[in-house]
Every structure is written in structure tokens, then in C-alpha cells.
Amino acid sequence: MEEIKEEGKSLNFVEEIIDNDLKSGKYTSILTRFPPEPNGYLHMGHASSICLNFGIAQKFGGKTNLRFDDTNPVTEDTEYVESIKEDIKWLGFTWANEFYASDYFDKLYEYAIQLIKQGDAYVDDLSSEEIAAQKGTPTEPGQHSPYRDRSTAENLDLFARMKAGEFNEGQKTLRAKIDMASSNMLLRDPLLYRIKFAHHHRTGDKWCIYPMYDFAHGQSDSIENITHSICTLEFIPHRALYDWCIEKLGIYPSHQYEFARLNVNYTVMSKRKLLQLVNERHVSGWDDPRMPTISGMRRRGYTPSAIREFCDRAGISKREKINDISLLEFCVREELNKISLRRMVVFDPIKVIITNLEEELIHLAIENNPEDEHSGTRQVPFTKEIYIEREDFMEHPPKKFFRLAPGQSVRLKGAFIITCNDIVKDIEGNVIEIHCNYIPESRSGNDTSGLKVQGTLHWVSVPFATPVEIREYERLFKVENPNSEEGDFKEYINPESLHIIPIAYAEPAFKEAKQENHFQFLRKGYFFMDKDSNNEHLVFNRTVSLKDSFTKKA
RNA sequence: UGACCUAUGGUGUAACUGGCAACACGUCUGAUUUUGGUUCAGAAGAGUUCAGGUUCGACCCCUGAUAGGUCAACCA
């Protein structure tokens, strides 16, 4: 059934390329790769790439490798490797092989020697500044380095000595000999190797020369026999160099394809900026629920399938775009509506006294999820004193206020219909108690009262109320695209993105709450238990609010 | 005074490769509802950046503009 639906869908441009390659017989099977640099946490943009690379392999019966692009030892760390693996698994994908670019350092070194022998690479003594100065501009050609025509023997000797650690950082580099007049700046004798006396998270101190991205990525793809190497738009100019290396080396011809990275409005999606938010304490960490990181979204209560669904609906193209966060929220709500347990929690309480209730305690069974008939019910105690939401009562209500007001009736969810017949105020005139009559015949499930009311409220029994902490999140930025605004993006941070309610009143069923449960707090939104919770103190993150067509109008 | 990439409702993605622009989100109605949620029914909203050309016919092909983006890190 799912198959048929998939058949009818049109392919994105990458899928189309692969479909054609398979049909034409260019390949009999495909191999993709997801190549993160282990220098930060994965975010929504990576999720899109993961869904593309792994998804495409699944769709066309191929496989996907996970390869850590760890060619810069100063920024990379094992901590990131572990978090990246955890995030990919959590998203629901399995890699065929776990590789590291650093696995190929020996092979890459041989490749470099091959280029030197072919006269396609040379050791340069120029400093970083001098190279930049000789690079030219997009409209003016660059100048040749005075070291460009060293003999093969000299290059070989120098390169070996670079590897042996005879030179200082920055003193020498290995450069490709291509074309200093190319309109593609990347082809103006790009750096292939640089000296770094840095400890590598995997190879330790074995190496003091490290390959640049352009001398590692294509070769790594080739070594693994990657058929379709899919990356983001900014690598388009690199493709010429990618192909140059493969051609000069005469190795397996992997091909690079580029798609537009995924962006979402009201947030930022670059590692650099996210790192700033963390370092400058605008958020509590990489997994702050406001962060667009996978770990942040997981902590917030987003589900893997909702994220996958979002990536799928957002689509793949070559056009730079910013997706609407509301699509993500739609995907999250759509799933959470089906799976979350309904509970009642009063955030801002006002006391209601059921004046005509004789019994001390009535046990009510209320469904856990009306969308799922197998979800069963829970026991909810009903007592003479209950809390309702302060905003659910108005002494002088406008028309169309379907909630509680003097003389007005409402249903208490899963319980009875009540009518407000009196209010108690303090000296300052604030309402502190609402007195109501309940209709015994209106009990949920066997209502014989014949009464109809417009509103249904959530409520919590006062003596049974359990305090919990609530954390509500708003968008992290005040503007849709912080990147395109004047000045620093941090000036546009929303100062009210986190709203904490230290004490909210929850029904007692939370005693059995499990970390992995998703909840819908009736009329409030979807919530997920935070890792800061312990036995005495439960903390809930608002994953996303419910759609609200009432407060919007007001 | 360069090369390369891109251009379809508010947003994102399509249009079976030339046959009078569809789907989703969002928005707005109405119905249903013991969540102002869900569900259901419906509506508004683009004539495809612009100007030419080819064609019986162009979002699609050609020419030329325009706009936005990318490229001159010993980052990836």
C-alpha cells in the first residue's frame, strides 16, 4: 500500500539522476555516504542530508556509509563522533560501514606522491599570506609561485621531510599544479597538504601533515566506491577539483551532486552560529530544547518519524530556500496526536468549590487517548475542591466565551457539568474562589441530564494535585531570517523564548509517567519529560502547542 | 569587472519531458466534537522574474536582460 503511494510521487532531481543511472545500466547498485566532520552536533540540516542519503539508498536498494571527515585534528573530537552516531541511530537509520577519512591517511599520502611524480603537485615554501597575495582575484589571474617548478626529486624529498616533521607549521605546503589563471579560484594551485603538529582523535601523533578537504573527500569516496556523493550547494565549485583529483589519480570515478541545504525560519542552522549560542550562554547547551539540533529536538519531544516526515515534505532541490517552521510543527502534531497520552495539568490555578457535592471522593475513568481505542483509561479523582485555569473564568465574559462565568455552565472533562452561581473575592477585588453546583446526572459516559454545554474544561483535584515544573518554548529568534538582518544575528534573539512555570498542578496519574512517554496536556499542548526530572520533581518541556483558533481571534 | 548556481500562490515542492499550473503547510468559512484539539466539507490565493523568439500551442526549447546566491580559509 505504501508502495503504490510512493509510485505516484514524483522523484526529486537526485532520485531522478539515480533512477536514470540504474535504468541505463551505468550502475547495478548504488552506494551513498553521509560524511559529517566530528566537530559539532548534528542539526536539522544534517537530518535532511541523512534522510536524503540513507533514504535514497533504501529506495533504490543500495547502501550508505557513515564516514567521519576528520582531516582537521584541531577542531575534531571523539565526543562529537559519539553524539553523531547516536543521533543518526535515533533518527532511525543504519549505516553499512563506519569509516573515517583518517583511515585513508596512508593511502592519501601515496596518492600525493603519485601526483608529485606525475608533475601534478609541488612543495611550496610560500607563507599563507604570500599565497593569498599571489592568488589573483576572480577577474585577474594569479601568479606562479617561485617554487612551482621544483624538480620531482626535490619535491619528493621535501614532502618526505614534511611528513618526518622537519619543518614548522606553515613553513611548507603541498600544492596541486593546475592553473593559476582559472576562473575557478579553487583550481589556482590549491593546497593539498599542510603541516599541523596536532594530536588527532584517532591517529594520535602519527602524522604532522594532514590532507585538505579537497584532497581527502573525493579520494575517500573513490576508495569506498561511492557511486553518488551528495553534498550541499557551496561545494559546486569544488566539483572541478574533485574530478581533477580522481582523473589524475586514475581511481574509481565517484561523482558529486549538490542540493540546497535545508533552512527553517526563526532559527539559525550553521554550526558556527549554534556554537556561539552555546558558548555565550544564550541557550543551556547543544541539547537545549530551543536548538535546531537533533539532540535539542529529541529533548524537546520531537519524534524521529516526525522529523523524517518533515524532511520528506520539505523536499530536495537546488534552490536556496527557507522552510516554514509551521510545516515541522504540523508533522510533529500529526504524530503526537496519535500517540500521546492525555493528561490534565492546570498551569495557573483558580479554585472551584463544588458546593453541592456530598461525596468526599469520586473515582472517574478517563480515556488515555481518544484517537487510540487500545490506549485504555486512567483513574482520575474528583473532589469538592478543584483547580481550573484562571483564564477559563471571566466575571464579565464577551460573547462567544464558551467557558465559565457567573450563571454559565461548562463540562469538566471526563466528569460533570457545573454551573457557576457565586464568586468570592479578596479585599482588592480579585476573584479567589468560584462556587459551582454540579449536575449529578451529567456524569461522563452516562449523562442523562439532557443538558448541552459549549465548553469543556480541564481540571485537577486540589487534594490530589501533584506539582510539576513546566518549560514552554517560543521561537529562538524574533525574525524569520536572522542571517539576512542588519548587524549581528544575536541581536535578534527572542528574549522570551523560554517561559518557566515552576509549579503547575497535575493529576496524580503522573506517578507512573515514563521518560519515553509523549503527553498531551489537554487544551495546552504536547509535552515531554525533561532529563532534569527526578522522583520528587518532574519537569516537562512543551514540545509544541495545540493549534488554537480561539486566542488568535481575541 | 570573471566563472558558476538559482528563479512557479504567503511558504515548500510538483507539472508524466511542449498540451491552457497540481499537492502539502499556512490562511479563511461551515459542520462535527465531552480538548476552541482531532475529523469532515468547502473557499480564497500564482498564470510561472522580465522582454523578445520558435511553435497550432511554452513553466518547459532559443536569445537577451534582471534579481538573488556562491567562489580568492594552511576550515569542511
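Numbers restart at 1 for each chain; the letters A, B, ... are given by sequence-line order, proteins then strands.
Using a 4.0 Å heavy-atom cutoff across all strands shown, A:Gly414 reaches at least one base atom of the nucleic acid. Heavy atoms of A:Arg272 sit nowhere under 4.0 angstrom from any nucleic acid atom. Here A:Glu16 lies in heavy-atom contact (under 4.0 Å) with a base. As judged by a 4.0 angstrom heavy-atom cut-off over every strand, A:Thr173 is placed among the base-contacting residues. Within 4.0 Å (heavy atoms only), A:Pro36 reaches no atom of the nucleic acid at all. Residue A:Ser128 is in base contact, counting any heavy-atom pair closer than 4.0 Å across all strands shown. Within the nucleic acid shown, A:Asp69 comes within 4.0 Å of sugar-phosphate atoms alone, with no base atom in reach, counting heavy atoms only. Using a 4.0 Å heavy-atom criterion, one finds that A:Glu329 contacts no nucleic acid atom at all. Here A:Ile325 lies out of heavy-atom contact (under 4.0 Å) with every strand. A:Phe235 comes within contact range of at least one nucleobase, with a heavy-atom separation under 4.0 Å. Across all strands shown, A:Gly142 has no heavy atoms under 4.0 Å from either base or sugar-phosphate atoms. Residue A:Ile322 is in sugar-phosphate contact alone, with no base atom involved, counting any heavy-atom pair closer than 4.0 Å across all strands shown. When heavy atoms are screened at a 4.0 angstrom cut-off, A:Ile236 is found touching the sugar-phosphate backbone but no base atom. A:His238 comes within 4.0 angstrom of a nucleotide base, judged by non-hydrogen atoms across all strands.
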Would you tabulate the pairs of protein nitrogen or oxygen atoms and nucleotide nitrogen or oxygen atoms of nucleotides 43-49 of chain B closer than 3.5 angstrom?
none

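For A:Asp70 and A:Phe521, each mapped to the nucleotide of RNA chain B holding its nearest heavy atom, the one lying further toward the 5' end belongs to A:Phe521. Looking at which nucleotide of RNA chain B each of A:Ser326 and A:Asn369 is closest to, the 5′-most match is held by A:Ser326.
For B:U6, the OP1/OP2 oxygens have no side-chain nitrogen or oxygen of A:Ser317 closer than 4.0 Å. A close approach under 4.0 Å does occur between a side-chain nitrogen or oxygen of A:Lys196 and OP1 or OP2 of B:C75.
Distance A:Arg194 CZ to B:C75 P: 5 Å, rounded to the nearest Å. Following rounding to the nearest Å, A:Arg239 (CZ) and B:A76 (C1') show an atom-to-atom distance of 18 Å. Distance CD1 (A:Ile84) to C1' (B:A76): 12 Å, rounded to an integer number of Å. For the pair A:Gln134 CD and B:A72 P, the interatomic distance rounds to 18 Å; values are reported in whole Å. Distance CE (A:Met185) to P (B:A72): 7 Å, rounded to an integer number of Å. As rounded to whole Å, 12 Å separates atom C1' of B:U70 from atom CZ of A:Arg261. Summarising the geometry, the separation between CG on A:Leu233 and C1' on B:A76 is reported as 16 Å, rounded to the nearest angstrom. For the pair A:Met344 CE and B:G37 P, the interatomic distance rounds to 18 Å; values are reported in whole Å.
Taking a pair as Watson-Crick or G-U with both hydrogen-bonding distances under 3.5 Å, the stems of three or more pairs touching RNA chain B are B:2-7 with B:66-71, B:10-13 with B:22-25, B:27-31 with B:39-43, B:49-53 with B:61-65.
Looking only at atom types and distance, the side chain of A:Tyr242 has a donor-acceptor partner in the side chain of A:Asp221 under 3.5 Å away. No hydrogens or angles considered: nothing links the side chains of A:Asp69 and A:Tyr100 as a donor-acceptor pair under 3.5 Å. Side-chain contact annotation: A:Ser182 with A:Asn184, donor-acceptor N/O pair under 3.5 Å absent. A:Glu329 and A:Ser326 form no side-chain donor-acceptor contact under 3.5 Å, judged by distance and modelled atom types alone. Checked by atom type, the side-chain pair A:His217/A:Arg33 shows a donor-acceptor distance below 3.5 Å.
Judged by a 6.0 Å distance limit and a 45° cone about the ring axis, A:Lys163 is positioned over the six-membered ring of A:Tyr109. Relative to the six-membered ring of A:Tyr41, A:Lys271 misses at least one condition, a distance below 6.0 Å or an angle of at most 45° to the axis. Cation-pi contact between A:Lys196 and A:Tyr210: absent, since separation from the ring centre below 6.0 Å together with deviation from the ring axis within 45° is not met.
Taking the 5.5 Å centre cut-off and the 30° plane limit, the aromatic side chain of A:Phe330 is not classed as stacked on B:G26. An aromatic stack links A:Phe550 and the base of B:G36, using centre distance under 5.5 Å and interplanar angle under 30°.
Relative to the side chain of A:Leu191, the nucleotides B:U34, B:G2, B:C74 differ in distance, and B:C74 lies closest. For A:Leu327, the side-chain atoms get nearest to B:C25 when compared with the rest of B:C5, B:U8, B:C25. Listed candidates were B:G37, B:A76, B:U11. Nearest to the side chain of A:Thr71 is B:A76. Here the nucleotide nearest the side chain of A:Arg319, chosen from B:U13, B:A72, B:U34, is B:U13. Side-chain atoms of A:Ser10 lie closest to B:A14 of the nucleotides B:U35, B:A14, B:C5. Of the candidates B:U34, B:U11, B:G36, B:G36 carries the atom nearest the A:Asp548 side chain, counting heavy atoms from C-beta on. The A:Lys547 side chain lies nearest to B:U38 when the options are B:U38, B:U35, B:U34.
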Report task. Kindly determine whether A:Gln256 and A:Glu258 satisfy side chain to side chain donor-acceptor pair (under 3.5 Å), including the steps that lead there. Result -> CA-CA 7 Å; A:Gln256 175 185 305; A:Glu258 311 86 10; 3.0 Å; yes
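Residue-environment remark: CZ (A:Arg261) stays at or below the threshold of 12 foreign heavy atoms within 6.0 Å.
For B:U70, the base adopts the anti conformation, since its glycosidic angle falls more than 90 degrees from zero. With a glycosidic angle further than 90° from 0, B:G26 counts as anti.
Judged by distance alone, with hydrogens and angles left aside, the side-chain atoms of A:Asn437 form no donor-acceptor pair with the main-chain N or O of A:Ile354 at under 3.5 Å.
Side-chain to base pairing of A:Arg342 with B:U35: one donor and one acceptor N or O lie within less than 3.5 Å of each other. One N or O donor and one acceptor, one from the side chain of A:Glu371 and one from the base of B:G37, sit under 3.5 Å apart. Evaluation of atom-type donor-acceptor distances gives no pair under 3.5 Å for the side chain of A:Glu320 against the base of B:U70. With hydrogens and angles left out, the side chain of A:Arg403 and the base of B:G36 share a donor-acceptor pair within 3.5 Å. Put simply, the side chain of A:Arg523 and the base of B:U35 share no donor and acceptor less than 3.5 Å apart.
The aromatic rings of A:Phe521 and A:Phe527 lie parallel to each other, with less than 30° between the two planes, well short of the 60° mark.
Note: A:Leu274 CG to A:His43 NE2 = 6.0 Å, rounded to the nearest 0.5 Å.
The residues A:Arg148 and A:Asp189 are annotated as salt-bridged, a charged nitrogen and a carboxylate oxygen being separated by less than 4.0 angstrom.
On the P atoms, B:U27 is 15 Å away from B:U11, given to the nearest whole Å.
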